[in-house]
Protein chains: 2
Amino acid sequence: MTRSSGIDVAVSTAILTLRRTERGVVLSLPLVRRTREPFADRWALPGGWLTATEAPVGAAARTLAETTGLAPSYLEQLYAFGAVDRSPSRVVSIVYWALLRSDQVDAQSAEYRRTGLSPENVRWFDADDLPALAFDHAQIIEYALWRLRNKVGYSRVAQGFLPEEFTLAELREAVETILGRRLDPANFRRQVESSGTLIATDEFRTGNHRPARLYRSSPDAELADRGPLSSEEMSIR
Amino acid sequence: MTRSSGIDVAVSTAILTLRRTERGVVLSLPLVRRTREPFADRWALPGGWLTATEAPVGAAARTLAETTGLAPSYLEQLYAFGAVDRSPSRVVSIVYWALLRSDQVDAQSAEYRRTGLSPENVRWFDADDLPALAFDHAQIIEYALWRLRNKVGYSRVAQGFLPEEFTLAELREAVETILGRRLDPANFRRQVESSGTLIATDEFRTGNHRPARLYRSSPDAELADRGPLSSEEMSIR
DNA sequence: ACAAAAGTGTTTATGGTACACCCATGG
DNA sequence: CCATGGGTGTACCATAAACACTTTTGT
């Protein structure tokens, strides 16, 4: 039997969320500091080896939970990277990309600050201010961001960043951050309203000005097309 | 070292072309009859094990050439399939999809008929009339066709099926076959002309009626976005 | 001359964009 | 009552769809 011996399979995930910082809302992602060679002490995408009894998407969900303690609101395969020279040993990485609700990330961070114990070797970075990365992870993140920016235009992935209930201004701010440009509030409202992906509640967010109606994601559909995980998904659901 | 031992990596390719049959032009693809277990005697996508010294895209191009004797006009990664139960042994398949120029396929078939020697265990099937397939290859082909139909709407992949020079009616027939519906010739002409992806020649195809101008694909751009193969592609180019 | 495909013109609908304007609340 | 964001109305422009019409060839 001639098989592909000598090739290891890894699963990594680009985990994206929106964080409120001094310079406004920014796209952020958690990275893990490597403890071994190759690329010891460099930052890398969370991940690990694919085990014999685990589906790739399951491995992605597991490592995501291990590094962040959270469940993703969206998870999709990004690409399989397998160039011969991308690692000293021969590694094929199946990379996923995921979205986390920013309120859950904020709650998590507050919890860490409160208890004083936060995960070692995990840190959140702004997507536009990344450190030197291990392997080809810089290009991978670049591609994940491209995919996100692309998909936000024809799907409702942006809702994956937001809590259960949100205002249209909050949804618009998320999209604006992803795209890196401002949108017309009036036109944004009409587009998203006519798309039928939102459910208006009777509640309002009260603040400094006129209260804004709260919406929630319509539950009857996916945030976006996630590809052919029909069969794969069986094993995780 | 805990690695992903026990997992084999395969590369398969859904190779698509258009063939002229009794019932008009149809989407077709070559399948290979398996000679071993599992799924012996079943039809399957062309492919093989990923070797330690080969990039996945290179393996796809190689097996494609081995089964068809042709070079693809388009080649893109489709998805990495890795469900635990998709094969008796643990196999992760990195699947690509490719387009072949129909004139090259026709010439190849004519050559085989002429010489009498055609590849054993390889046969072309209509995409809408497939036999029982090995593994999860039926779903894989379904997804490849979905991707093609999707991408034909916002790129010029359809040109990958056509020879060097072609008429707008031929391009339209290709798109109509992919989408499974008729298009308005006048509107189709304007859209493709204004897209700037075609170069008009001074030649005309003479036939039963008014001669049609021949066009060729503009060479300065890809047929479609093929994802992040920047680094991978280095090794094959 | 006629059939049929190549190619042009015109009308209408639709969706996005820009922007003026009104509404409701906190201060 | 004023500043500010929430929310509505409307004109404008680009593109897609539908379809009438002209052109050019083979028979």
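Letters go in sequence order (proteins before strands), and every chain restarts at 1.
- Between its two ends, the helix from C:dA1-D:dT27 to C:dG27-D:dC1 turns its axis by 10°, counting five pairs per end and rounding to 10 degrees.
- Between B:D128 and B:R23 a salt bridge is recorded (basic side-chain N to carboxylate O distance below 4.0 Å).
- Here B:Y74 and B:W97 bring their ring centres to under 6.0 angstrom of each other.
- A donor-acceptor contact closer than 3.5 angstrom is absent between the side chains of B:Q108 and B:T68.
- Classification of B:E173 and B:R20 as a salt-bridged pair holds, one side-chain N sitting under 4.0 Å from a carboxylate O.
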Scan nucleotides 14-16 of chain D against the protein and return all N/O pairs shorter than 3.5 Å with their distances rounded to 0.1 Å.
none

Revision key, fill the gap. Per-nucleotide protein contact along nucleotides 18-27 of chain D, 5' to 3', at a 4.0 Å heavy-atom cut-off (B base, S sugar-phosphate only, - neither), is BB---BBBS-
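- Under the ring-ring contact (aromatic ring centres under 6.0 Å, His included) criterion, no residue pair touches residues 176-218 of chain A, with sequence neighbours excluded.
- Contact annotation: the side chain of B:L78 never approaches that of B:Y96 to less than 4.5 Å [non-hydrogen atoms, C-beta and beyond].
- Every residue two or more places apart in sequence or in another chain that forms a side chain to side chain contact (heavy atoms under 4.5 Å, CB included) with B:S155 is listed here: B:K151, B:V157, B:A224.
- For the segment residues 152-183 of chain B, no residue has any heavy atom less than 4.0 angstrom from an atom of DNA chain D.
- Note on B:R190 versus B:E193: no salt bridge recorded, every NZ/NE/NH1/NH2 to OD/OE distance being 4.0 Å or above.
- In this entry the distance linking CZ of A:R205 with C1' of C:dA24 reads 17 Å, nearest Å.
- Salt-bridge check for A:R156 with A:E222: failed, with every basic side-chain N at 4.0 Å or more from each acidic carboxylate O.
- Salt-bridge formation is not detected for the pair B:R205/B:E165: no Lys NZ or Arg NE/NH1/NH2 atom is positioned less than 4.0 Å from an Asp or Glu carboxylate oxygen.
- The pair B:D106-B:R19 does not count as a salt bridge, with every side-chain nitrogen at least 4.0 angstrom from each carboxylate oxygen.
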Exercise for review: Could you go through the side-chain contact (heavy atoms from CB on, under 4.5 Å) check for B:R101 and B:E164 one step at a time?
Suggested key: CA-CA 9 Å; B:R101 277 171 46 174; B:E164 199 79 12; 3.5 Å; yes
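- Atom pair A:F188:CZ and C:dA18:C1' shows a separation of 17 Å (rounding to whole Å applied).
- Between A:R189 atom CZ and C:dG16 atom C1' there is a gap of 17 Å when expressed in whole angstrom units.
- B:L64 and B:L70 get closest at one heavy-atom pair: CD2-O, 3.3 Å.
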